[in-house]
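Worksheet for the structure shown next.
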Amino acid sequence: MAALQFTIEQKDSGSRARAGRIITDHGEIPTPIFMPVGTVGSVKAVTQQQLKEEVNAKIILGNTYHLYLRPGLDVLEQAGGLHRFNGWDRPILTDSGGYQVFSLAGSRKITEQGVVFQSHIDGSSHLFTPENVMDTQRTIGGDIIMAFDECPPGGSEYQYAKNSMELTHRWLDRCISRFTETSDKYGYTQNLFPIVQGGVHTDLRKASCEYISSKQAVGNAIGGLSVGEPIDKMYEICSLCCDHLPLDKPRYLMGVGTPWNILEAIEMGVDMFDCVMPTRNGRNAMLFTSNGIINIDNKKWEKDFSPIDSGIDCAMSNYYSKAYLRHLMKSKEYLGLTIASVHNLAFYLWLVTKAREHIVAGDFASWKAGMVIQLQQKL
RNA sequence: GGGCAGUUACCAGAGUGGCCAAAUGGGGCGGACUGUAAAUCCGCUGUCUUUCGACUUCGGUGGUUCGAAUCCACCACUGCCCA
């Protein structure tokens, strides 16, 4: 059993994009990659079989905060970790709960020691520290686990962002200490990714990248983006981070994003992505297709019996019609949620696979320029 | 034949003299969603107008009143009960 390895197989000639491969004990991950989000150990409305056979997912996410609250660590430990528990035998990445510091801002308190959360399930209080978040992620059993960070809102002003970043750095040191002191729990290697913060402030981001880089982790994450800042700022900061993070380690842009966001970031040299958008928006009737965006609730699809998306290689997307999916969504049938989610995820995986092919072929930038426009069209 | 209840916008259903273009729910239409407190949330849903506002609506006709979805008379239709 070995630590995560990353190899770059091909660099794009016209941009910073790269085609690589991550090797973990649970299998290989070609990059760039999109990772479906399975917060509570389930990619909502999608089975693990569908993730493999229809979506072609290589790695999925789980969330520390949610899994800690339910089913709880005793269940996960007795199950033998999340892989055994949910039947997903490919790699898993667990987020640390840092995002919940942002999204549950109304029911948590941050101190130097850590964060006290009030459970969204029953209101009970729980203290998360860098140390116990490492222990918890060890127990959940992610192949890649994330440092515990504070994710400040996109509009945070300089001083807040600076304090927040410095806190995240101190927490990182504590995460690394605890992570180093403890062992892999289930026989395969677990790998820690630190997270860059610094808001939308370039000097903070640069400093954070340098600090994070000095830790020489096997991979690095860019956090604190797509949290309310203008989209141009997101691109600017992402690009800057890619200039200051190690070239030979995978870069993970957390929580991003739209298909065109992902293409832009790939061009900057990002290798890994996750986002709830394909699943959540899918459940809410928004489909991403190789031709553009569809609101499947719109009446215009009522009698459109053509496949959902014949431009990608997902069997489900080619089998079911837009009219049928609209009917299912309008009728609030569970199957509609599944088809929409599977399709959107398959599209995202198709997109990063195509991106990789074009990087290898050496024409990524020109292909991307056309796709960014095409994918945003409202059909 | 007699008695009682009812008829409101796409549907269901409040409203019983002015604060009613008319509650609420459903349906319809549109939008939002970026490390998931989300199968959620937000608009619009008589006509014209960007707004202000104007106009036409509450089974039909006529009436009472300054003013009627609301009161009265007759008519039409529906449901239940008694013969």
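RNA chain B is contacted by both A:Arg326 and A:Met234; A:Arg326 maps to the nucleotide lying nearer its 5′ end (nearest heavy atom per residue).
Ranking B:rA39, B:rU34, B:rA37 by closeness to the A:Leu104 side chain, first place goes to B:rA37. If you check B:rC33, B:rG35, B:rU34 against the side chain of A:Asn281, the one that comes closest is B:rC33. With B:rG31, B:rA37, B:rC29 as the candidates, the nucleotide lying closest to the side chain of A:Lys378 is B:rG31. Comparing atom distances between the A:Arg283 side chain and each of B:rU34, B:rG35, B:rA38 picks out B:rA38 as nearest. Listed candidates were B:rC29, B:rU34, B:rU36. Nearest to the side chain of A:Asn261 is B:rU34. With B:rA39, B:rA37, B:rC29 as the candidates, the nucleotide lying closest to the side chain of A:Lys330 is B:rC29. Looking at the side chain of A:Asp274, the nearest of the listed nucleotides B:rA37, B:rC33, B:rG35 is B:rG35.
Searching all strands for a Watson-Crick or G-U wobble partner of B:rU78 with both distances below 3.5 Å returns B:rA5. Pair check for B:rC71 finds B:rG63; Watson-Crick or G-U wobble, both atom distances under 3.5 Å. Remark: B:rU40 base-pairs with B:rA32. Criterion, Watson-Crick or G-U wobble with two distances under 3.5 Å. Base pairing of B:rU56 is not made with any nucleotide, judged by Watson-Crick or G-U wobble geometry with both donor-acceptor distances under 3.5 Å.
If you check every strand for non-hydrogen atoms under 4.0 Å, A:Asn63 touches sugar and phosphate atoms only. Residue A:Glu150 is out of contact with every strand shown, counting any heavy-atom pair closer than 4.0 Å. Here A:Gly224 lies in heavy-atom contact (under 4.0 Å) with a base. Base engagement by A:Met286 is indicated by at least one non-hydrogen atom pair under 4.0 Å involving a base atom. At the heavy-atom level, A:Ile231 lies under 4.0 Å from base atoms of the strands shown. A:Tyr334 comes within contact range of at least one nucleobase, with a heavy-atom separation under 4.0 Å. Counting any heavy atom pair closer than 4.0 Å across all strands shown, A:Ile195 reaches a base atom. Residue contacts shown for A:Thr279 include a base, since a base heavy atom lies under 4.0 Å away. At the heavy-atom level, A:Lys299 lies under 4.0 Å from the strands shown only through sugar-phosphate atoms.
Remark: A:Ser317 pairs with A:His343 by the side chain to side chain donor-acceptor pair (under 3.5 Å) rule, at least two apart or across chains.
Rounded to an integer number of Å, the gap from A:Ile33 CD1 to B:rG35 P is 17 Å. Taking atom OH on A:Tyr252 and atom P on B:rU34, their separation rounds to 15 Å, with Å as the unit. Computed from coordinates, the A:Asp297 CG to B:rU40 P distance equals 11 Å when rounded to whole Å. A:Ile262 has its CD1 atom 11 Å from the P atom of B:rG35, to the nearest Å. Rounded to a whole Å, the NZ atom of A:Lys332 is 14 Å from the C1' atom of B:rG25. A:His343 has its NE2 atom 19 Å from the P atom of B:rA39, to the nearest Å. Atom pair A:Met329:CE and B:rC29:P shows a separation of 14 Å (rounding to whole Å applied). As rounded to whole Å, 10 Å separates atom P of B:rC33 from atom CZ of A:Arg280.
Taking the centre and axis of the six-membered ring of A:Phe179, the NZ or CZ atom of A:Arg138 falls inside the cone set by 45° and 6.0 Å.
Within a 6.0 Å radius of CD in A:Gln376, other residues, nucleotides and ligands contribute more than 12 heavy atoms. The environment of A:Lys206 atom NZ is sparse: at most 12 non-hydrogen atoms of other residues, nucleotides or ligands sit within 6.0 angstrom. Within 6.0 Å of atom OH in A:Tyr158, more than 12 heavy atoms from other residues, nucleotides or ligands are found, so the atom counts as buried in its surroundings.
Spacing of C1' atoms, B:rC10 relative to B:rC44, comes out at 15 Å, to the nearest Å. Distance check on atom P: B:rG26 versus B:rC41 gives 10 Å, rounded to whole Å. Annotation: B:rG27 and B:rG62 have their P atoms spaced 40 Å apart (nearest Å). The P atoms of B:rA9 and B:rU61 are separated by 16 Å, rounded to the nearest whole Å. Comparing the P positions of B:rA21 and B:rA54 gives a spacing of 10 Å, expressed to the nearest Å. Nucleotides B:rC19 and B:rC74, compared at atom C1', are 33 Å apart to the nearest Å. Comparing B:rU24 with B:rU45, their C1' atoms are spaced 15 Å from each other, to the whole Å. Taking the C1' atom of each, B:rG13 and B:rG53 are spaced 30 Å apart, rounded to whole Å.
Considering only side-chain N and O atoms, A:Asn298 lies nowhere under 4.0 angstrom from the phosphate OP1 or OP2 of B:rC29. Within the 4.0 Å cut-off from OP1 or OP2 of B:rG35, not a single side-chain nitrogen or oxygen of A:Thr39 is found. Of the side-chain N and O atoms in A:Gln100, one or more sit less than 4.0 angstrom from OP1 or OP2 of B:rA37.
If you check distances only, the side chain of A:Asn295 never reaches the base of B:rG31 with a donor-acceptor pair under 3.5 Å.
Between A:His126 and A:Tyr68, the ring planes lie perpendicular to each other; the angle is over 60°, past the 30° to 60° tilted range.
Using a 4.0 Å cut-off between a side-chain N of Lys or Arg and a carboxylate O of Asp or Glu, A:Lys185 and A:Glu77 qualify as a salt bridge.
Note: A:Lys249 NZ to A:Asp271 CG = 12.5 Å, rounded to the nearest 0.5 Å. Rounded to the nearest 0.5 Å, atoms CG (A:Asp203) and OG (A:Ser208) are 11.0 Å apart.
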